[in-house]
Protein chains: 2
Amino acid sequence: MSEIDTRQRILDTAEALFAEQGLESTTMRQITGAAEVNLAAINYHFGSKEELIREVFRRRLTWLNRQRLQQLETLQAEAAGKPLKPSRILEVFFGAALKMAADTEGGGRTFMRLLGRTYTKPTEFVRSFLADEYAAVTTRFMTALIQALPGVPKEEILWRFHFMLGAVSYAISGTDALRIMGADALDDTDTDALYARLMSFMIGGLRAPLPTLQSPSAKRTRIKNAA
Amino acid sequence: MSEIDTRQRILDTAEALFAEQGLESTTMRQITGAAEVNLAAINYHFGSKEELIREVFRRRLTWLNRQRLQQLETLQAEAAGKPLKPSRILEVFFGAALKMAADTEGGGRTFMRLLGRTYTKPTEFVRSFLADEYAAVTTRFMTALIQALPGVPKEEILWRFHFMLGAVSYAISGTDALRIMGADALDDTDTDALYARLMSFMIGGLRAPLPTLQSPSAKRTRIKNAA
DNA sequence: GTCTATATCGGGATAGAC
DNA sequence: GTCTATCCCGATATAGAC
């Protein structure tokens with residue numbers, strides 16, 4: 001078995017097991033066992049388990065974010081200075097993610113599930129290199145969104161972007177949460193339908209009337225009545 | 001130190017460490033060390049680490065879901081047979097969660113972060129007892145929502161509920177994802193503002209026009225153009 | 001490059017004195 | 001109920017033969 005093959009097999013197998021069990025719970029014995037390579041191969045090819053994790057994320061994220069930047073630039077070039085429609089920006093950013101998540105054979109779906117789960121509970125070394133991978137792309141998209149929504153405060157846009165990240169993450173991560181909630185019957189294999197559903201939900205949320213933020217003195221009353 | 005005190009101290013400490021590090025990465029040595037009790041105390045009081053985890057979730061979830069059911073019943077009694085406003089139902093379900101998440105001193109905030117992270121990647125034993133805890137509450141809320149939205153297909157409601165779970169989960173789980181995305185400046189301590197923001201976003205998403213689901217033959221074209 | 005064997009560490013759990 | 005000491009296991013990592 002050649003060097004390249006072994007590396008790829010380890011990466012693919014690790015990705016699948018990480019997505020299924022989490023980074024910490026997956027052992028090098030499981031990975032090398034399932035990949036049918038020797039236990040020592042991970043340390044030989046990557047140096048350590050941490051470096052393997054880094055590489056699993058890196059190889060997909062650089063590609064994904066390059067796609068996003070290119071498509072955003074295309075969009076901006078076509079607009080020729082005119083303001084972009086917010087929905088177009090979201091379609092580029094989240095569409096790229098969902099397109100990758102729709103790729104069941106190439107492992108894209110597996111990876112996106114892993115990525116979504118990693119956002120909320122990253123260990124420090126994971127958080128730091130994810131931030132590096134995203135640094136270029138997010139500033140570009142956020143400024144584009146802010147320009148596309150002149151009436152909306154920047155803080156509000158950031159929050160809604162955060163909410164959308166959560167929605168997309170759950171949408172991609174399968175139906176575990178829904179199964180906990182007692183609904184096992186949903187079909188999450190129709191990725192086109194999922195994309196359509198998600199986009200209309202998110203556009204609706206992005207376009208929603210701004211919340212009326214009350215003064216501090218009224219705080220207690222509001223939450224109590226609402227909850 | 002009395003029995004009760006030790007039990008509580010273990011539960012509180014475990015909850016905090018689980019939220020911070022995850023269930024698997026947190027060791028019994030860390031818990032007992034931070035709680036300043038003996039290493040053997042966990043096995044004595046709970047039997048095993050798994051049983052401790054179960055109890056950490058159980059004590060908060062039963063209370064939370066009882067609140068939700070009571071408030072839903074109140075709402076339905078007040079309506080006296082008339083259809084409920086969807087937003088009122090969401091306010092009860094998610095308001096209860098956010099109210100608990102606003103409790104920084106009593107550990108509610110810590111717990112809700114733990115819960116949100118657990119939804120997406122539950123081990124089998126966790127998934128099964130979470131499903132038990134939620135069994136009563138979700139069927140009630142889903143049927144209420146379906147009745148409140150007569151024009152909307154049941155499947156669509158379930159999906160949008162799923163998206164909302166994701167948004168709420170991310171909103172509660174802190175700003176890790178946003179920090180990865182390069183925005184560290186958001187204030188997530190103003191829980192009332194967060195509640196208002198989240199509710200208007202979710203109502204907007206729930207009220208959004210239904211997606212136009214295309215025929216299977218048109219699938220490839222749509223996603224390609226969109227992404 | 002690949003393998004076996006092993007070093008070193010830290011995990012959960014328990015026995016038995018107090 | 002609490003503590004110490006210990007068992008047993010499986011983790012990452014590496015040394016050294018092939």
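Residue numbers start from 1 in every chain, and the chains themselves are labelled A, B, ... in the order their sequence lines are given, proteins ahead of strands.
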- request: Specify the separation, in whole Å, of atom CD1 of A/I10 and atom C1' of C/dT2.
  value: 11 Å
Nucleotide D/dA13, atom C1' - distance to NE2 of A/H45 in whole Å: 16 Å
Donor-acceptor contacts, no H, no angles, side chain residues 17-25 of chain A, under 3.5 Å, sequence neighbours left out:
unit_1 : atom_1 : unit_2 : atom_2 : d
A/Q21  : OE1    : A/T26  : OG1    : 3.2
A/Q21  : OE1    : A/Q30  : NE2    : 3.4
A/E24  : OE1    : B/S25  : OG     : 3.1
A/S25  : OG     : A/Q21  : O      : 3.4
A/S25  : OG     : B/E24  : OE1    : 3.0

task: State whether A/T6 places a side-chain N or O below 4.0 Å from either non-bridging phosphate oxygen (OP1 or OP2) of C/dG1.
output: no
- prompt: Excluding sequence neighbours, so at least two apart, what forms side-chain contact (heavy atoms from CB on, under 4.5 Å) with A/T104?
  reply: A/R109
message: For a quick test of reading the model: is some side-chain N or O of A/N38 closer than 4.0 Å to OP1 or OP2 of C/dG1?
response: no
Per-nucleotide protein contact string for nucleotides 11-18 of chain C (B base, S sugar-phosphate only, - none; heavy atom under 4.0 Å): BBBB----
message: Output the rounded distance in Å from CG (A/L23) to P (D/dA11).
response: 16 Å
- line: Minimal heavy-atom distance between B/R68 and B/A96, with the atoms involved, is CG-CB, 3.7 Å
message: Can you measure A/E51 atom CD to D/dA13 atom C1' for me and round it to whole angstrom units?
response: 14 Å
- prompt: What is the distance from CZ of A/R9 to P of C/dT2, rounded to the nearest Å?
  reply: 11 Å
- prompt: Starting at CG of A/L52 and ending at C1' of D/dA11, how long is that distance when rounded to a whole Å?
  reply: 15 Å
field: Which residues share a side-chain hydrogen bond (donor to acceptor under 3.5 Å, both in side chains) with B/S200, sequence neighbours left out
entry: A/R160
query: A/R59: what forms a side-chain contact (heavy atoms from CB on, under 4.5 Å) with it, not counting sequence neighbours?
result: A/Q8, A/L11, A/D12, A/E15, A/E55
field: Those residues that, when tested against A/F94, pass ring-ring contact (aromatic ring centres under 6.0 Å, His included) (two or more places apart)
entry: A/F161
